[in-house]
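Labels below follow one simple rule: chain letters A, B, ... track the order of the sequence lines, proteins then strands, and each chain is numbered from 1. Just so it is clear, the structure is predicted and the values come from calculations on it, not from any experiment.
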Protein chains: 2
Amino acid sequence: MVTIRDVAAEAGVSVATVSRVLNNKGYVHEDTLRKVQQAIEKLNYSPNEVARSLFKRQSKLVGLLLPDITNPFFPELARGVEDELQKQDFRLLFGNSDENPEKEQAYIETFLQNQVVGIISATQTSGMFNQEQPAVPTVFLDRTHEGRYTVYADGREGGKIAARELVRRGSRNITVLKGPGHISPVQDRFLGAVEVLAASSVDFQVIQMASLTYEEAEERAKELFRQYPATDGILASNDMTAAAVLHEALRIGKAIPEEVQIIGFDDIPMSRLLFPSLSTIKQPVYEMGKQAAQLLLKLIKKEEVAEQIIQLPVSFVERNTTRKVKADG
Amino acid sequence: MVTIRDVAAEAGVSVATVSRVLNNKGYVHEDTLRKVQQAIEKLNYSPNEVARSLFKRQSKLVGLLLPDITNPFFPELARGVEDELQKQDFRLLFGNSDENPEKEQAYIETFLQNQVVGIISATQTSGMFNQEQPAVPTVFLDRTHEGRYTVYADGREGGKIAARELVRRGSRNITVLKGPGHISPVQDRFLGAVEVLAASSVDFQVIQMASLTYEEAEERAKELFRQYPATDGILASNDMTAAAVLHEALRIGKAIPEEVQIIGFDDIPMSRLLFPSLSTIKQPVYEMGKQAAQLLLKLIKKEEVAEQIIQLPVSFVERNTTRKVKADG
DNA sequence: ACACTTTGTGTAAACGGTTACACATAGAGA
DNA sequence: TCTCTATGTGTAACCGTTTACACAAAGTGT
């Protein structure tokens, strides 16, 4: 391994001088600069980030904690984060927590041990975070935490929009799939939907789910059609569960969207490829990741940040699990 | 920040002793051990990985380079890698290269600067790798590279199986979508398919694609049905393109699988949720990631490794874009 | 009693950078 | 000429660990 000392020797200067050209800081004579640059070139030297991090007591690393990258909602999020950080030469230390507090704790600890400059977390449990102010700037993504920097989409409004669209398009007996209550965005969209439904004149019922897996949703879907055969509109917890419901509906011969309308949530890439393609509430996922990264970057640089909480708008994506509505007006 | 010195002071011993208990190495008296442990507990000390890495000249980090985590093939791969590494307390430094040699180069360089113990790469270009033996153990995943440690699925056999299944199920005029030639597994599956097709008595033609995006596949699918209207079987480059073809086929009113059969490749999670659900060649993606991690771990520990190349078997997943075949025999 | 090994601990030198500080020289302003 | 500032460079301490080495005390075998 070639070190700064080798470069210094090659260029016939001290390590301090090499360091100065490396960091482009302090006075360096033009000729010296050239000599050092040549030495660097010749030896193919690249500075050891670890040594830097040690002295500076911070690295160029950011910790990213996700529940599960395998869940199709998250890759896009991660990409938004990465693309933004990458521009500023920060790198990602990455972990899946499976919403498991121990795993989460372990990851955060190693993030900190590696002297990350900041953490972006899309987990809810956040064992460590709940107790004390974390040691480094932390931004929560897609999950809200009291009094913490947060970037998320307006789930409540999304729930409202979904409910309104369903009603507006003629559903009169609606079943709402309620996801696990401890996941804040899921809870929000449920609350929003119920708020609208309660104020409307349609009948509705709620089915509780313990997870957001396709498998559980399949079960619940069967239950749904057995228990509430009159259902003509379904608000799913997310697109994955909507897909399960859609398949079950098709399986038992329901016409979609004529007999039953379905609206999902998230707009994951798969949704447009389902048949019929899934109407859903779109979250600006990539943008969320990007904004979280930008916010974190500001915190790291101790820049002024206007808002502790950034809430992004959602929108209805009309596809083919909802009926067309006659021209507005 | 609490350091090993603080712990040493608190316990009334030297830093060397603390280090010994930390690493559970060398002689430490039972009473001393207890004192140190108590001090650690009391101060809530956790060792600085960066300082460790500097001294050891290697970290507990592994670099993972993917083309694009947003491509549904990769999350599962990444998960396989992570789960395996995580067990041994290694962490992932993660980057998307977009198959862009500059980005890739930049990531590899920062991986190395951060003194990763190893690299797992699922990219094809691998600018740096081509030139010299990389500075750390490196395993290629899903992409083959001459003379390098590699884990991949048997694409050639997959292509053969797909072609055979299509023929066996009655297609007589087959169109093969050929993905970009520089991506080795994609090339392999194409070669495998053509090998079988050429030896069979069915007609077939090839359509070349420049990418594996849904968008391009949509274009090509239109072209396909325009140019080769007699096609009654399609071998797609992967599931994503298969989805595009499937949609186009449905759009123009082809009965699937009665008029046209389609077989994809990969078995990404979405495939079973398409309508009709997609018959495909399944790659053991999670397992591939896992094996790559295991292989890397062995290389890191300088254990004996039996094979430089690990090839995993693929399998046909029969779903509903292929016709049922009468009982075998 | 002696030599030798085992056990237990501390001191200090790394690891590869950054930077405070000292110092030297040159130019500018009086 | 003298002082002051700007420019350019080097020395050495420091970041938080690990570990080679030295040393001492306690067993062990003869």
For this session: Could you tell me the separation between the OH atom of B:Y27 and the C1' atom of C:dT9, rounded to a whole number of Å?
Result: 13 Å
Exercise. Counting distance only, does the side-chain N/O of A:Q308 pair as donor-acceptor with the main-chain N or O of A:G147 below 3.5 Å?
Worked result: yes
Exercise. So, are A:E99 and A:R143 salt-bridged, with charged N and O less than 4.0 Å apart?
Worked result: yes
For this session: Sequence neighbours left out, what pairs pass salt bridge (charged side-chain N to carboxylate O under 4.0 Å, His left out) with at least one residue falling in residues 65-74 of chain B?
Result: A:R79-B:D68
Exercise. Taking 4.0 angstrom as the limit, do A:K103 and A:D98 come out as a salt bridge?
Worked result: yes
Exercise. Are the side chain of B:S59 and the backbone of B:Q115 linked by a donor-acceptor contact shorter than 3.5 Å?
Worked result: yes
For this session: Name the nucleic acid region contacted by B:T32, choosing base, sugar-phosphate or nothing; use a 4.0 angstrom heavy-atom cut-off, strictly under.
Result: sugar-phosphate
Problem set entry | Distance, rounded to the nearest Å, where A:Q58 contributes CD and C:dT18 contributes P | 13 Å
For this session: Under the ring pair (Phe, Tyr, Trp, His ring centres under 6.0 Å) rule, collect the residues that match up with A:F73, sequence neighbours excluded.
Result: none
Problem set entry | All salt bridge (Lys or Arg N to Asp or Glu O under 4.0 Å) counterparts of A:K87, not counting sequence neighbours | A:E84
Exercise. In degrees, rounded to 10°, what is the bend between the two ends of the helix from C:dA1-D:dT30 to C:dA30-D:dT1, using five pairs at each?
Worked result: 40°
Exercise. What residue pairs, at least two apart or across chains, pass side-chain hydrogen bond (donor to acceptor under 3.5 Å, both in side chains) with a residue in residues 3-12 of chain B?
Worked result: B:E10-B:K42
For this session: Sugar-phosphate means primed atoms, P, OP1 and OP2; the rest is base. With that split, encode nucleotides 15-23 of chain D 5' to 3' as B, S or - using protein heavy atoms under 4.0 Å.
Result: BBBBB----
